[in-house]
Amino acid sequence: MAKKTSPAIWGGRFTAGPAELMLQFSESVSFDRRLAAFDIAGSKAHSAMLASVGLITAKERDAIHAGLDAILAEIAAGNFTWDTALEDVHMNIEAALTKRVPAAAKLHTARSRNDQIATDMRLWLKFSAGVLAGKIAAAQRALLALAKANRDVLIPGYTHLQRAQPVPAAHHLFAWLEMLERDRARLADVAAHANWCPLGAGAIAGTTLPIDREYTAKALGFTDAKGRPQVTPNSMDAVADRDVHIEFATACALFGVHLSRIAEDLILWSSVEFKFVEMADAFSTGSSLMPQKKNPDACELLRGKSARLQGNLHTLLTLVKGLPLTYNRDLQEDKPAIFDSYDQSALCADVLAGVLGGLTFNRERCAAAVADPALLATDLADYLVLKGVPFRDAHHAVGAVVQLAEKSVIRLDQLPTSEVQQIHPAFGADWVQVFDLTRALAKRTGPGMPGPAQVAKQFKRWEKILA
Ligand code: ARG
């Protein structure tokens with residue numbers, strides 16, 4: 001070649017290379033290098049396919065594979081030199097390979113960085129969704145252990161942050177288990193949606209070369225339950241689509257919302273006003289000024305991080321909205337947001353497990369809080385209903401009983417039966433039995449309710465799910 005061209009891998013039609021500022025501005029290797037293992041897996045599968053269809057020789061394939069393995073080992077050992085002038089993870093690895101293996105010049109046959117990055121990210125998403133789901137399961141196991149250790153503890157359940165009705169603490173903790181289980185299910189959906197191989201879509205319109213897309217899909221594990229390869233059905237959509245990225249960020253954002261609600265309950269419960277629980281020193285912090293303080297910082301950060309997870313989702317939605325098909329460089333900006341969603345969610349899941357593992361219930365405080373007979377006012381209305389009183393009338397009558405107790409500054413269950421009967425004649429001599437907590441819970445026998453038989457069932461169910 002006589003003419004002077006740009007040193008960039010794509011530089012054939014350029015006479016000069018990019019400005020230093022442009023390199024700094026456009027590089028992504030500082031954050032996409034974490035895709036290296038997936039990029040190399042993709043290149044090995046791609047070169048194996050090129051050999052299988054005769055576009056490269058078996059010898060060239062083997063040289064490429066050996067070179068890629070050596071590069072991966074170097075990266076894992078921290079000895080690989082990343083160069084921002086080479087823009088991204090793809091070109092850093094290709095350049096390193098080219099230095100070692102002449103056949104590397106054939107690796108990019110029938111491939112574009114557009115289908116390459118789409119493939120790398122789908123591999124990463126499948127893997128990361130699985131790891132995150134595993135971490136959430138570990139937090140769920142800590143939750144189940146906490147429920148088991150406090151099987152006999154009752155607490156008030158709240159609506160409007162006002163004491164509502166008594167529940168076993170385990171029933172409340174099981175509610176959190178349900179939330180986290182849905183998070184795991186969503187992550188499994190993300191992994192399933194990511195399980196389609198874009199490789200072979202090329203830059204936008206495939207290739208004229210006789211490639212075998214099913215081969216690569218199979219080699220990379222993009223297969224259905226029966227082992228059949230799954231390839232993306234439209235080459236333009238394959239390189240433009242970021243839906244599954246957004247779904248992953250959605251799963252993380254919703255996980256964050258759950259974390260935040262769990263954390264908020266724990267912050268309230270650990271306050272002196274409630275004092276239902278004590279957090280382990282290991283996940284609490286002190287005040288630099290007030291020596292008496294023990295602050296629930298771990299939970300506050302779980303709550304705070306959820307804002308960040310929502311922000312990442314918003315970034316991705318805004319990034320993709322309004323982009324013309326197909327690939328646009330804007331899409332490179334998907335990675336910082338999505339990697340951050342993973343990193344923060346993974347960290348939060350670990351911290352949640354740590355917080356729950358160190359939590360102790362204050363039995364006296366819980367017992368005192370749940371002993372308020374007013375929590376069973378609804379049960380008293382149900383008592384009247386069973387005596388044939390229409391619920392609306394029963395509700396009204398019990399309201400009057402509550403008002404009487406408040407006025408007389410007396411516990412609800414200490415009111416004289418004669419006065420209660422003046423409010424409604426259907427109250428019998430046995431009305432006060434309603435306030436027996438054990439009896440009240442035993443009556444809640446229906447599915448999903450906090451009665452002891454149902455709670456026992458849920459313990460069994462969760463043990464099975466989380467085994
Ligand atoms: N670093 C790029 C990204 O993350 C890879 C794809 C680049 N494709 C291109 N045509 N410049 O999106």
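Note: hydrogens, waters and symmetry copies are ignored here, and every other heavy atom, side chains too, is used. Order of listing sets the numbers, starting from 1, for every ligand and every atom in it.
- Relative to the six-membered ring of Phe222, Lys126 meets both conditions, a distance below 6.0 Å and an angle of at most 45° to the axis.
- Here the two rings, on Phe38 and Phe127, have centers that are under 6.0 Å apart.
- Not one N or O of Arg242 is nearer than 3.5 Å to an N or O of ligand 1, by distance alone.
- Atoms of ligand 1 found under 4.0 Å from any heavy atom of Gln332, numbered from 1 in the order shown, are 1 (N), 2 (C), 3 (C), 4 (O), 12 (O).
- Interface atoms of ligand 1 facing His90, defined by a heavy-atom separation under 4.0 Å, are 5 (C).
- There is a side-chain donor-acceptor pair under 3.5 Å between Asp39 and Gln116.
- If you check each of Trp10, Tyr327, Phe31 against atom 7 (C) of ligand 1, the one with the closest non-hydrogen atom is Tyr327.
- Inspection of the His90 and Asp32 side chains reveals no N or O donor paired with an N or O acceptor under 3.5 Å.
- Looking at atom 11 (N) of ligand 1, its nearest protein heavy atom turns out to be Arg113 NH2, 3.5 Å.
- Checked against a 6.0 Å centroid threshold, the rings of Phe274 and Tyr158 count as neighbours.
- Taking every non-hydrogen atom of Ser28 and a distance limit under 4.0 Å, the qualifying atoms of ligand 1 come out as 1 (N).
- Note: His172 and Trp269 have perpendicular aromatic rings, judged against thresholds of 30 and 60 degrees for the angle between ring planes.
- Those atoms of ligand 1 that come under 4.0 Å of a heavy atom in Lys335, given as number and element, are 3 (C), 4 (O), 12 (O).
- With hydrogens left out, the protein atom closest to atom 10 (N) of ligand 1 is Asn114 OD1, 3.1 Å, a heavy atom.
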